[in-house]
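Each remark here refers to the structure printed beneath this line.
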Amino acid sequence: MRPALPAAAVGFDQRVYAVVAPIPQGRLATYGQVADWIGAYGCARQVGWSLRRLALPSPVPWHRVVSARGQISMSLSREGSDWIQRELLIAEGIPVDGAGRLALRSYLWVPQ
DNA sequence: AGAATGACGCTGA
DNA sequence: TTCAGCGCCATTC
């Protein structure tokens with residue numbers, strides 16, 4: 001068992017994965033939302049870092065997290081995982097155009 | 001230790 | 001609506 005430690009001592013990554021895991025199929029969340037959920041308001045960039053460190057394939061639905069601008073964050077440093085993300089979302093029924101943009105307003109997931 | 005980088009977000013033009 | 005600029009802060013060099 002893991003001893004009771006301050007939130008900061010628990011892996012930031014683990015907390016991110018914990019809140020991303022329950023995002024239902026066909027729904028989306030933004031980096032800012034995830035940061036807010038784990039009590040790290042304003043740390044959207046760190047959420048991106050955590051997802052980047054995720055080893056693929058992963059049971060964590062990382063592809064359901066996009067930017068608040070309503071589009072997949074395309075970056076050369078992602079070695080193609082950005083396009084994989086596009087494919088996964090389309091496979092779940094979320095239309096994504098060639099620029100990685102999607103109807104965030106329609107699929108945004110608001111947790112109970 | 002200091003500077004650069006980045007899977008972000010908001011505001012204003 | 002699109003674009004540039006700035007604030008943000010852990011990670012990396």
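To find a chain, count down the sequence lines: A is the first, B the second, and so on, and within it residues start at 1. Just the heavy atoms: all of them, side chains too, but no hydrogens, waters or symmetry mates, feed the values below. On a predicted model such as this, the values are computed, not experimentally measured, just so you know.
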Please write out each protein N/O paired with an N/O of nucleotides 1-3 of chain B under 3.5 Å, distance rounded to 0.1 Å.
none

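Taking the salt bridge (Lys or Arg N to Asp or Glu O under 4.0 Å) definition, one finds that A:Glu87 meets it with nothing, sequence neighbours left out. Contacts of A:Ala99 classified as side-chain contact (heavy atoms from CB on, under 4.5 Å), with partners at least two apart in sequence or in another chain: A:Asp97, A:Arg101.
The CD1 atom of A:Ile84 sits 11.5 Å away from atom NE2 of A:His63, with the distance rounded to the nearest 0.5 Å. Rounding to the nearest 0.5 angstrom, the gap separating the CD1 atom in A:Ile72 from the OG atom in A:Ser67 is 9.0 Å. Rounded to the nearest 0.5 angstrom, A:Ile38 CD1 and A:Arg15 CZ are separated by 5.0 Å.
Residues from residues 43-58 of chain A placing a heavy atom under 4.0 Å of any atom in DNA chain C, listed by number, are A:Cys43, A:Arg45, A:Gln46. Contacts of residues 68-86 of chain A with DNA chain C (heavy atom under 4.0 Å): none. Across residues 22-39 of chain A, A:Thr30, A:Tyr31, A:Gly32 each have a non-hydrogen atom less than 4.0 Å from an atom of DNA chain B (numbered order).
Listed by first and then second residue, the salt bridge (Lys or Arg N to Asp or Glu O under 4.0 Å) pairs that reach into residues 59-72 of chain A are A:Arg64-A:Glu92, sequence neighbours excluded. Judged as a ring pair (Phe, Tyr, Trp, His ring centres under 6.0 Å), the pairs with a partner in residues 79-112 of chain A (not counting sequence neighbours) are, in order, A:Trp37-A:Trp109.
When each of A:Tyr41 and A:Arg101 is assigned the nucleotide of DNA chain C with its nearest heavy atom, A:Arg101 is the one assigned upstream, toward the 5' end.
Other residues sharing the hydrophobic cluster of A:Val110, ordered by chain and number and joined by side-chain separations under 4.5 Å: none, the residue standing alone.
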Could you check A:Gln71 against A:Val96 for side chain to side chain contact (heavy atoms under 4.5 Å, CB included), going step by step and ending with a plain yes or no? CA-CA 8 Å; A:Gln71 71 178 94; A:Val96 184; over 6 Å; no

Just do the side chain to side chain contact (heavy atoms under 4.5 Å, CB included) check on A:Ser73 and A:Arg78 with the steps written out, would you? CA-CA 9 Å; A:Ser73 295; A:Arg78 294 184 62 179; 4.2 Å; yes

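Checking side-chain atoms of A:Arg86 against main-chain N and O of A:Gly100 turns up no donor-acceptor pair under 3.5 Å.
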Could you go through residues 18-32 of chain A and list every donor-acceptor pair under 3.5 Å that involves a side-chain atom there, pairing it with any protein atom two or more places apart or in another chain?
from    : atom 1 : to       : atom 2 : distance (Å)
A:Arg27 : NH1    : A:Leu108 : O      : 3.4
A:Thr30 : OG1    : A:Gln33  : N      : 3.1

Which pairs of donor and acceptor atoms, one on a side chain in residues 39-60 of chain A, lie under 3.5 Å apart (sequence neighbours left out)?
from    : atom 1 : to      : atom 2 : distance (Å)
A:Ser50 : OG     : A:Asp13 : OD1    : 2.6
A:Ser50 : OG     : A:Gln46 : O      : 3.3
A:Ser58 : OG     : A:Val60 : N      : 3.0

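Put simply, chain A comes within 4.0 Å of DNA chain C, heavy atom to any atom, from C:dT2 to C:dA10, going 5' to 3'.
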